Protein chains: 2
Amino acid sequence: MAPDVPALATRSATPLNRAAVVSAAVALADREGLAAVSMRHLAGELGVVPMALYKHVADKDDLVAAMVDLVVAGYAAPPPGLEWREGVRQRVLGARDALLEHPWLRQAIEAATQRTPSVLGHMDAVAGEFAAGGLSYDLVHHSMHALGHRIWGFSPEAFSSPPASGAPPAPAPPAEEQAAMMAAMAQRFPHISAIAVDTATRHPLGACDEQFEFEFTLDLLLEAFARLHSAGWSSR
Amino acid sequence: MAPDVPALATRSATPLNRAAVVSAAVALADREGLAAVSMRHLAGELGVVPMALYKHVADKDDLVAAMVDLVVAGYAAPPPGLEWREGVRQRVLGARDALLEHPWLRQAIEAATQRTPSVLGHMDAVAGEFAAGGLSYDLVHHSMHALGHRIWGFSPEAFSSPPASGAPPAPAPPAEEQAAMMAAMAQRFPHISAIAVDTATRHPLGACDEQFEFEFTLDLLLEAFARLHSAGWSSR
DNA sequence: ACGATAGGCGTACGCTGTACACCATGTCAA
DNA sequence: TTGACATGGTGTACAGCGTACGCCTATCGT
């Protein structure tokens with residue numbers, strides 16, 4: 001028999017390094033979601049024993065932070081010299097693009113306990129776009145608070161259902177029951193039901209247009225910031 | 001010897017019920033944080049074996065959802081007949097009050113995978129305040145998207161540091177090093193540093209005023225919604 | 001030639017959620 | 001009165017998690 005390389009997992013000849021570990025984790029998360037990124041699973045993916053990873057990352061938190069850092073480092077930077085609203089807009093939409101490519105990113109950012117360099121860099125770059133427009137740092141500060149997680153490309157949706165992990169929890173209730181449910185909903189929650197109806201008439205094909213939703217809010221806030229700016233607003 | 005009641009844990013004579021389990025979980029989370037709410041810990045608290053809890057809650061997700069539901073059910077409702085902005089404002093600030101009493105609530109809401117009745121009820125009530133002002137459901141829909149998690153009383157802060165769990169990670173670096181760090185920060189991240197400086201001059205005593213921050217954004221958005229409303233805005 | 005170092009391995013511990021079988025009790029119908 | 005049945009607490013067990021600790025080997029600078 002030939003006792004050479006391991007059977008299944010890809011095990012390269014050269015030793016691991018931090019970058020390889022982190023990018024493998026990103027790829028794994030892209031493929032199977034953030035929950036699948038356990039030290040054991042990732043190690044198996046790399047053809048290595050779990051504890052080997054700890055030679056390259058301090059702990060799981062460090063790994064996740066590094067994953068975020070890697071993706072955020074790849075955010076597209078708009079050309080300099082843009083009007084400030086456009087600069088902010090492009091940076092935020094750039095973040096959103098990355099988010100759409102790496103759906104786990106939102107969860108990772110929300111769970112993050114550190115601010116890594118790339119993360120700070122993005123926040124600084126966004127602040128810089130504001131500042132280039134002549135907004136006072138006072139206003140920039142509060143405007144960025146208003147943007148909140150939107151600078152990472154997502155809004156904290158009060159409505160949107162969680163990402164529908166795999167199989168539907170209820171096995172498709174019969175249409176009759178569903179109609180009864182709808183009626184009960186309409187009675188108990190008239191306003192959100194009305195919203196649902198209103199939305200359905202406007203967008204017959206599916207749920208609401210997330211991208212429109214996102215840009216709507218973004219532009220709304222940007223306009224409000226501009227108004228405050230030209231009015232010489234100050235926090236005290 | 002007296003082989004009667006268990007030694008340490010409080011074990012009442014009457015059997016458990018769902019409400020008792022859930023409110024014990026809330027109390028535990030209030031005392032020791034959401035992370036401390038494990039089935040085993042909670043069961044121990046109730047003087048019961050872990051699996052006993054599964055007679056009252058379907059699983060951990062169900063428990064957390066019920067915890068959220070319980071707190072949200074207690075949100076203060078403003079008197080009817082308020083001007084719509086004031087109605088929304090009071091409901092949202094009421095949610096914020098509950099959040100300040102139960103710091104774990106934010107995390108629980110963010111992690112929630114279900115919309116329980118109380119949760120839907122709050123969303124509906126907020127929508128109702130808008131609707132009472134004559135806003136179209138179309139605009140209500142988009143305005144609530146804009147509010148996002150703010151209707152739960154918190155804004156997703158891009159800046160605020162995570163809640164500083166227990167001991168500081170670094171054991172208070174020497175002042176000399178700290179100054180060097182600050183200088184390096186200022187060079188690499190000029191804008192956020194400028195914000196920090198600006199903020200420090202305005203609020204010499206501490207970090208920024210979260211409450212002010214929150215209300216600033218809230219009022220900003222509300223004013224923008226009002227402007228759209230009076231301009232007859234529609235999404236298409 | 002040799003010690004230091006880097007990097008992968010193996011074992012083990014304590015923690016998590018929860019499936020499954022079992023048993024005591026209270027309630028109700030026959 | 002008796003048996004069926006539901007309710008609720010128990011005990012054991014399993015798979016998975018992060019990670020502390022010690023060992024072993026290959027490489028490299030001196």
Side-chain angles (χ1 to χ4, degrees), chain A residues 3-22 24-25 28-29 32-67 104 107-108 111-114 165-166 169, chain B residues 3-22 24-25 28-29 32-67 104 107-108 111-114 165-166 169:
Chain A
D4 47 0
V5 292
L8 296 167
T10 61
R11 177 80 165 89
S12 94
T14 64
L16 249 38
N17 55 49
R18 183 176 168 99
V21 169
V22 174
L28 178 56
E32 305 184 36
L34 191 59
V37 182
S38 73
M39 301 303 271
R40 283 174 162 86
H41 193 161
L42 177 58
E45 198 93 354
L46 290 164
V48 132
V49 92
M51 286 310 292
L53 301 180
Y54 285 86
K55 290 288 159 74
H56 306 284
V57 297
D59 53 22
K60 179 101 192 265
D61 255 27
D62 185 36
L63 174 64
V64 175
M67 291 169 65
W104 50 268
Q107 193 183 339
T113 116
Q114 331 173 6
S165 57
Chain B
D4 47 0
V5 293
L8 295 168
T10 60
R11 176 82 165 89
S12 92
T14 64
L16 249 37
N17 56 48
R18 184 177 168 98
V21 169
V22 174
L28 178 56
E32 305 183 36
L34 191 59
V37 182
S38 73
M39 301 305 271
R40 283 172 165 86
H41 193 161
L42 177 59
E45 198 94 353
L46 289 164
V48 130
V49 91
M51 286 311 293
L53 301 180
Y54 286 87
K55 291 288 158 73
H56 305 283
V57 297
D59 53 22
K60 179 99 192 267
D61 255 27
D62 185 36
L63 174 64
V64 176
M67 291 169 67
W104 50 270
Q107 192 182 340
T113 115
Q114 332 173 6
S165 56

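Every chain is numbered from 1, with letters handed out A, B, ... down the list of sequences. Everything numeric in this text was worked out from a predicted model, so none of it was measured.
Out of C:dG7, C:dT16, D:dG9, the shortest distance to the side chain of B:L16 is found at D:dG9. The side chain of B:Y54 approaches C:dG17 more closely than any other nucleotide in the set D:dG8, D:dT19, C:dG17. Taking the side chain of A:A52 as heavy atoms from C-beta on, and the options C:dC9, D:dG9, D:dC14, the nearest nucleotide is C:dC9. Distance from the side chain of A:V48 is smallest for C:dG8 among the nucleotides C:dG17, D:dT10, C:dG8. Closest contact between the side chain of A:P50 and the listed nucleotides D:dT19, D:dG9, D:dT12 involves D:dT19.
Residue-to-nucleotide contacts include a donor-acceptor pair under 3.5 Å from the side chain of A:K55 to the base of C:dG8. For a distance-only test at 3.5 Å, the side chain of A:R40 qualifies as a donor-acceptor partner of the base of D:dG18.
Smallest separation of non-hydrogen atoms from B:A29 and B:M67: CB-CE, 3.7 Å. Contact record, A:R18 with A:H56: NH1-O, 3.2 Å, taken as the closest heavy-atom pair.
One can place CG of B:L42 at 13 Å from P of C:dT18, the figure rounded to the nearest angstrom. Note: NZ (A:K60) to P (D:dC17) measures 9 Å, nearest angstrom. Taking atom CG on A:D59 and atom P on D:dA20, their separation rounds to 8 Å, with Å as the unit. Atoms CE (A:M51) and P (D:dC24) sit 17 Å apart, rounded to a whole Å. Atom pair B:L53:CG and D:dG11:P shows a separation of 14 Å (rounding to whole Å applied). Atom CE in A:M39 sits roughly 20 Å away from atom P in C:dT16 (whole-Å rounding).
Within the 4.0 Å cut-off from OP1 or OP2 of D:dC17, not a single side-chain nitrogen or oxygen of A:H41 is found. OP1 or OP2 of D:dG9 sits under 4.0 Å from a side-chain N or O of B:H56.
Residue B:K60 holds its NZ atom at 9.5 Å from CG of B:L42, rounded to the nearest 0.5 Å. Atom CZ of B:R40 and atom CD of B:E45 lie 16.0 Å apart (nearest 0.5 Å).
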- Message: Does A:K55 form a side-chain contact (heavy atoms from CB on, under 4.5 Å) with A:L16? I'd like the steps, not just the answer.
- Response: CA-CA 9 Å; A:K55 290 288 159 74; A:L16 249 38; over 6 Å; no
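The shortest side-chain heavy-atom distance between A:D59 and A:D62 falls under the 4.5 Å cut-off. Counting heavy atoms from C-beta on, the side chains of A:L53 and A:L63 never come closer than 4.5 Å.
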Give me, pair by pair, the N or O atoms of the protein and of nucleotides 25-28 of chain C that are less than 3.5 Å apart, along with how far apart they are.
none

